[in-house]
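Atoms within a ligand are numbered from 1 in the order they appear, just like the ligands themselves.
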Amino acid sequence: MMARTRLVFSGGVIRTMDPALPRAEAVAVEGSRIVAVGASADVRSRAGRAEQIDLQGRLLLPGFIDAHNHYLATGESMASVDVRYPKVASTEKLVSAIAAAAGKTPPGQWIRAWGFDHAKYGERRAPSRRDLDRATTRHPVAVSHISGHYVLVNSLALSLQGIDEFAPDPAGGTFAREPGGRLSGLCQDAAMGLVLPVAVDIGSHGPNFHTKAPLEELVSAAERAGRAFLAAGLTTVCDAQVTSRELEAYREARRLGRLPVRTICMPLSHQLDSYQSTGMAGPFGDDWLSVGPMKFYADGSLIGGTAAFSAPYGEHGEFPGVLYWEPEAFRAAISRAHRSGWQIGVHAQGDRAIAMTLHALGAACAAHPRPDPRHRIEHAGFPTAEQIARIAELGIVTVSQPTYLHDSGDEFLLRLGERAGRLLPLRDELDRGVTVVLSSDSDVASFRPLDTIANAVRRTTASGRAIGANQRLSVQEALRAHTAAAAFALRRERDIGSIGAGKLADLVVLERDLAGLPPADIPGVPVWMTVADGAIVHQASG
Ligand SMILES: [Zn+2]
């Protein structure tokens with residue numbers, strides 16, 4: 001029989017995220033499980049012969065959990081043209097980045113770029129397909145906005161997909177137009193699925209970024225992003241928008257031993273019927289790859305200007321927002337998913353979308369009570385005080401991304417005015433007893449947990465302005481929200497998210513304790529070691 005790995009960690013600061021024993025001197029791991037936690041002498045005597053790891057004052061935590069990211073898309077974006085700000089800070093820079101890629105790409109092949117953010121350009125206009133046409137007319141081009149909620153395409157891409165100059169808007173989406181009604185090439189939310197060569201038809205259930213790609217390419221993307229996650233201290237991630245394309249890629253990656261992190265899938269709501277016909281609902285799977293909550297979209301994107309607020313936002317009130325559903329149809333679909341046994345996660349940013357969401361979830365729970373459904377609101381950008389009370393009452397978990405406040409906070413201050421300070425009211429939510437979860441929404445924002453934690457603690461914009469300073473979290477609250485609370489949101493708290501005997505041995509060691517550190521220094525703290533399933537899977541060099 002193969003000897004099971006035995007490790008004992010001691011000599012540092014150990015924060016367990018278990019309220020029954022918040023601090024410990026030592027932790028022992030055997031095989032894939034934690035077998036002892038407590039005083040050094042006790043743990044050593046229980047562990048027997050084991051490899052001793054001296055933390056030398058470093059911080060040991062449970063492995064970080066990203067309860068809402070776009071795992072596969074993150075891996076794919078790592079291989080596409082990077083046009084994120086500040087690397088690309090103007091339309092001209094965008095054109096030259098695409099032209100440079102065109103020079104290296106055979107004519108006819110798609111050019112994909114990721115992450116443009118024109119709200120940050122010093123120009124008073126959005127780039128259009130005319131700009132991309134200047135870069136190439138021989139390649140179809142698709143440039144994704146940093147929000148993931150829209151895409152800018154060139155004229156060739158439109159004509160290849162059979163979209164003519166005056167195509168009508170689809171339900172749940174819009175084609176931006178120039179004066180005179182011609183398409184500008186910006187395709188928002190559900191319109192994305194019409195202009196991209198997509199692998200799956202998701203109707204108007206969400207933004208369609210599920211583009212066609214060979215399975216081998218997707219497996220490589222999963223492996224690439226998974227390794228980067230481990231290096232950042234993440235041991236579990238939840239893909240917040242999974243179709244047959246992603247599920248197949250994760251299954252194949254796992255079969256080949258190329259899925260480096262625990263992966264939980266949130267099937268998108270267009271699959272409700274097909275799952276129902278098989279009798280299946282999440283949670284389903286094993287502790288490495290599983291199906292979790294079902295994902296619904298209530299509205300569009302905060303950064304992209306399509307979130308649904310009760311009063312329009314924008315400098316001139318130009319963003320009325322987009323609801324993905326007619327409220328009655330939404331209520332019926334949520335009710336059906338709830339009755340089938342699904343835990344439900346609803347993307348809802350503006351207060352108008354959150355109202356529709358609470359109404360639907362509240363009605364479903366009242367009509368068909370079941371213990372601890374633990375439904376979630378993804379993002380929960382702008383809940384009112386009354387809505388926070390209702391969220392608490394329904395036992396709903398909020399899964400929020402404070403890095404938005406940094407990356408796009410200056411635009412929020414401009415577009416939302418005094419409302420901006422009430423974005424992500426995490427302090428109010430905690431005070432009300434809501435389980436607050438921090439996550440990244442990668443690749444919309446950095447997947448690094450220490451960036452996310454720092455942004456929940458400091459709440460300052462990229463230019464250094466405060467945004468809702470009274471809603472700041474403490475470091476300890478933020479750590480909990482990215483570990484134990486995240487495990488709770490995924491219904492996995494029995495196995496992951498804290499350090500305790502019997503739990504899976506997913507651990508991260510940071511170079512130093514975060515307590516007392518100025519928030520600005522948190523993102524720079526190196527990850528020294530990551531342990532997943534009892535194995536050392538990442539170790540800093542030197
Ligand atoms: Zn997302």
Side-chain angles (χ1 to χ4, degrees), residues 65-77 84 114-115 117 144-151 172-173 188-190 192-193 202 204-211 221 225 229 234 236-243 245-247 250 263-271 292-308 321-322 324 343-350 353-354 357 375-382 397-408 423-424 437-449 451-452 455 481-482 486 489-490:
I65 298 169
D66 198 342
H68 178 134
N69 80 5
H70 300 277
Y71 176 177
L72 202 62
T74 300
E76 292 180 88
S77 75
R84 284 175 296 178
W114 170 260
D117 193 358
S144 298
H145 185 254
I146 186 68
S147 66
H149 277 252
Y150 52 90
V151 67
Q188 298 181 325
D189 291 290
M192 290 168 67
I202 61 169
S204 57
H205 284 258
N208 196 334
F209 43 75
H210 310 277
T211 50
F229 292 158
L234 286 162
T236 300
V237 302
C238 172
D239 185 328
Q241 185 170 324
V242 167
T243 69
R245 172 191 190 260
E246 286 72 29
L247 189 55
Y250 295 137
T263 305
I264 295 163
C265 302
M266 288 176 82
L268 185 61
S269 55
H270 72 292
Q271 297 156 102
M294 181 163 278
K295 170 73 173 294
F296 286 78
Y297 276 84
D299 65 346
S301 137
L302 191 56
I303 305 173
T306 53
V322 172
Y324 270 87
Q343 180 191 9
I344 294 167
V346 181
H347 166 120
Q349 287 281 22
I354 294 171
T357 302
H375 297 316
R376 319 182 351 172
I377 295 183
E378 312 298 312
H379 314 302
F382 193 73
V397 176
T398 59
V399 182
S400 298
Q401 297 78 26
T403 295
Y404 285 172
L405 298 174
H406 174 268
D407 293 357
S408 298
L423 287 170
L424 306 186
V437 175
L438 296 184
S439 77
S440 75
D441 206 13
S442 166
D443 210 29
V444 178
S446 159
F447 56 75
R448 299 181 65 250
D451 291 340
T452 305
N455 286 319
H482 219 318
L490 295 165

Output field for angle at the Zn ion (ligand 1), His68.NE2 vs His70.NE2, rounded to 10°, should show 110°
Rounding to 0.5 Å, atoms CD (Gln241) and NE2 (His70) come to a distance of 6.5 Å
Of all the N, O or S atoms in Asp441, the one nearest to the Zn ion (ligand 1) is OD1
Could you tell me whether the Zn ion (ligand 1) has an N, O or S atom of Glu378 under 2.8 Å away? no
(Q) Less than 4.0 angstrom from a charged side-chain N to a carboxylate O is my criterion; do Glu76 and Arg245 meet it? (A) yes
| task | Mark yes or no for whether Asp299, through its side chain, and Gln349, through its backbone, hold a donor-acceptor pair below 3.5 Å. | result | yes
request  = Please test Gln271 against Val242 for side chain to side chain contact (heavy atoms under 4.5 Å, CB included), starting from the C-alpha separation and ending with a verdict.
outcome  = CA-CA 10 Å; Gln271 297 156 102; Val242 167; 5.6 Å; no
